[in-house]
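Below: the structure, in structure tokens.
In listed order, ligands and their atoms are each counted from 1. What's counted below: heavy atoms across the whole structure, side chains too, no hydrogens, waters or symmetry copies. The model shown is predicted, which means the values in this text are computed figures rather than measured ones.
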Amino acid sequence: MSKRLKVWVSRPLFADALARLGQFVEVDAEPVERTHSAQDLRRQLAAVDGAIIGLADRFDATTLAGNDRLKVISNLAVGYNNLDIDALTRAGILACNTPDVLNETTADYAWALLLAAARRVGAAERWLRAGQWQGAMRFDDWLGVDVHGRTLGILGMGRIGQAVARRAGGFDMRVLYHNRHRLPESVECECAARWVDRETLLRQADHLVLVLPYTRENHHIIGAAELARMKRGSVLVNIARGGLVDEAALAASLREGHLAAAGLDVYEDEPVVHPDLLALEQVVLSPHLGSASAGTRRNMAGMAVDNVLAGLGLGPTAGRPPAPINPGVLDARRRGSKA
Ligand code: GLV
């Protein structure tokens with residue numbers, strides 16, 4: 001019998017997903033959640049043909065140096081700013097992610113944060129649990145910001161952004177978006193959203209949701225200057241990546257009362273949250289769980305397994321992974337050359 005290929009899974013995964021993986025390959029799955037150092041990753045990856053990894057696992061040329069065994073990295077996320085795709089491609093390693101299966105769940109979550117931030121749900125709950133609701137409450141206490149009938153701004157109008165936009169109809173909102181590329185008219189129509197330049201988006205949105213990928217170019221795309229251009233009393237929601245926002249500048253804007261509130265699921269230095277944000281009651285903070293519904297996380301795990309198997313030429317879709325990021329690697333393999 002030929003030797004089975006080996007796949008490392010860097011974090012605990014659903015047992016049924018691991019069992020399916022185990023039908024085709026030898027599986028080395030981490031039993032507990034832990035942080036992997038670069039050295040740890042290098043050592044683990046040197047001994048396997050494929051890996052299913054999480055966002056906290058970072059891969060660059062150094063992590064891959066001297067590795068001539070690894071063929072596929074399957075990221076358990078749609079965003080892949082943890083991967084140096086050029087380095088992977090140069091090394092002939094296929095990278096895959098989990099797009100689409102999480103669009104609707106993540107869009108739901110953007111709305112959960114938007115509503116919670118605008119209507120002060122987090123702070124009010126903390127106040128109630130602390131036993132401070134005693135006797136009559138002042139009529140002008142806990143006043144939030146309206147969501148319905150206001151202008152929703154979406155920065156980054158990929159499939160998650162579009163799903164956020166489609167939900168705005170129920171709140172009778174005007175939807176503006178900015179994206180590098182304007183969407184086809186049919187999609188704009190379906191989302192009832194209008195393209196504007198970034199400046200107009202900042203100035204006109206009452207609620208601004210960030211849904212764009214994080215790259216070197218858009219590091220701190222929302223900094224002090226951009227926050228100052230946003231409307232007084234507006235709300236910022238970030239479900240994309242922490243590095244898009246200058247967190248100290250955001251905290252300052254909230255402290256000064258320029259922005260009314262923020263809803264954040266992502267942070268620049270996860271799992272560390274900027275202390276200035278932690279100190280503010282008007283920020284709703286959650287630990288990067290936009291895609292975390294039971295059904296969606298299962299679908300993501302299933303897709304990550306399909307990706308790694310197919311990338312290794314195994315399973316029902318051998319050679320045709322559902323979501324390759326650098327498909328040129330597959331073409332090069334077919335031609336028998338490097339990408
Ligand atoms: C989560 O942040 C993801 O990119 O899937």
Side-chain angles (χ1 to χ4, degrees), residues 9-14 17 33 35-36 51-60 72-85 88 94-114 154-164 179 208-222 236-245 247 262-274 277 284-308 311 321-326:
V9 185
S10 79
R11 55 190 311 197
L13 207 59
F14 301 107
E33 199 69 53
T35 308
H36 303 287
I52 296 180
I53 55 133
L55 274 178
D57 303 321
R58 306 194 158 270
F59 291 85
D60 55 21
V72 196
I73 285 198
S74 174
N75 211 28
L76 266 168
V78 61
Y80 46 85
N81 54 300
N82 55 323
L83 304 178
D84 180 338
I85 298 299
L88 286 165
L94 178 70
C96 302
N97 65 341
T98 60
D100 294 331
V101 288
L102 46 63
N103 295 347
E104 303 299 323
T105 296
T106 308
D108 288 347
Y109 198 72
W111 280 92
L113 281 180
L114 197 168
I154 302 176
L155 186 55
M157 196 66 157
R159 279 162 290 195
I160 299 175
Q162 292 167 34
V164 171
N179 205 41
L208 180 64
V209 182
L210 308 183
V211 206
L212 65 169
Y214 178 64
T215 61
R216 224 192 311 270
E217 293 69 43
N218 58 26
H219 177 73
H220 287 189
I221 194 168
I222 301 293
L236 179 74
V237 171
N238 188 3
I239 54 161
R241 287 293 181 267
L244 295 168
V245 176
E247 294 173 338
L264 305 176
D265 188 41
V266 287
Y267 310 90
E268 185 159 4
D269 188 21
E270 294 177 11
V272 177
V273 178
H274 196 295
L277 292 171
V284 178
L285 303 160
S286 62
H288 202 148
L289 41 76
S291 65
S293 77
T296 291
R297 284 283 164 96
R298 280 189 176 279
N299 289 338
M300 289 169 72
M303 192 175 211
V305 167
D306 289 344
N307 275 330
V308 81
I325 299 165
N326 54 353

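For the atom pair CD1 of Ile52 and OG of Ser10, the computed distance is 9.0 Å after rounding to the nearest 0.5 Å.
In this structure, Glu268 has no salt bridge (Lys or Arg N to Asp or Glu O under 4.0 Å) partners at least two apart in sequence or on a different chain. Taking the side chain to side chain donor-acceptor pair (under 3.5 Å) definition, one finds that His274 meets it with nothing, sequence neighbours left out. Residues satisfying the side chain to side chain contact (heavy atoms under 4.5 Å, CB included) test with Val266, not counting sequence neighbours, are Asn238, Glu270, His288.
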Would you mind listing each N/O atom of ligand 1 next to any protein N/O under 3.5 Å, plus the distance?
from, atom 1, to, atom 2, distance (Å)
ligand 1, 2 (O), Arg241, NH1, 2.8
ligand 1, 2 (O), His288, NE2, 2.6
ligand 1, 4 (O), Val78, N, 3.3
ligand 1, 4 (O), Gly79, N, 2.7
ligand 1, 4 (O), Arg241, NH2, 2.8
ligand 1, 5 (O), Val78, N, 2.8

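With hydrogens and angles disregarded, no donor-acceptor distance shorter than 3.5 Å links the side chain of Asn103 to the backbone of Ala107. Asp60 contributes no side-chain N or O that, together with a main-chain N or O of Asp84, makes up a donor-acceptor pair within less than 3.5 Å.
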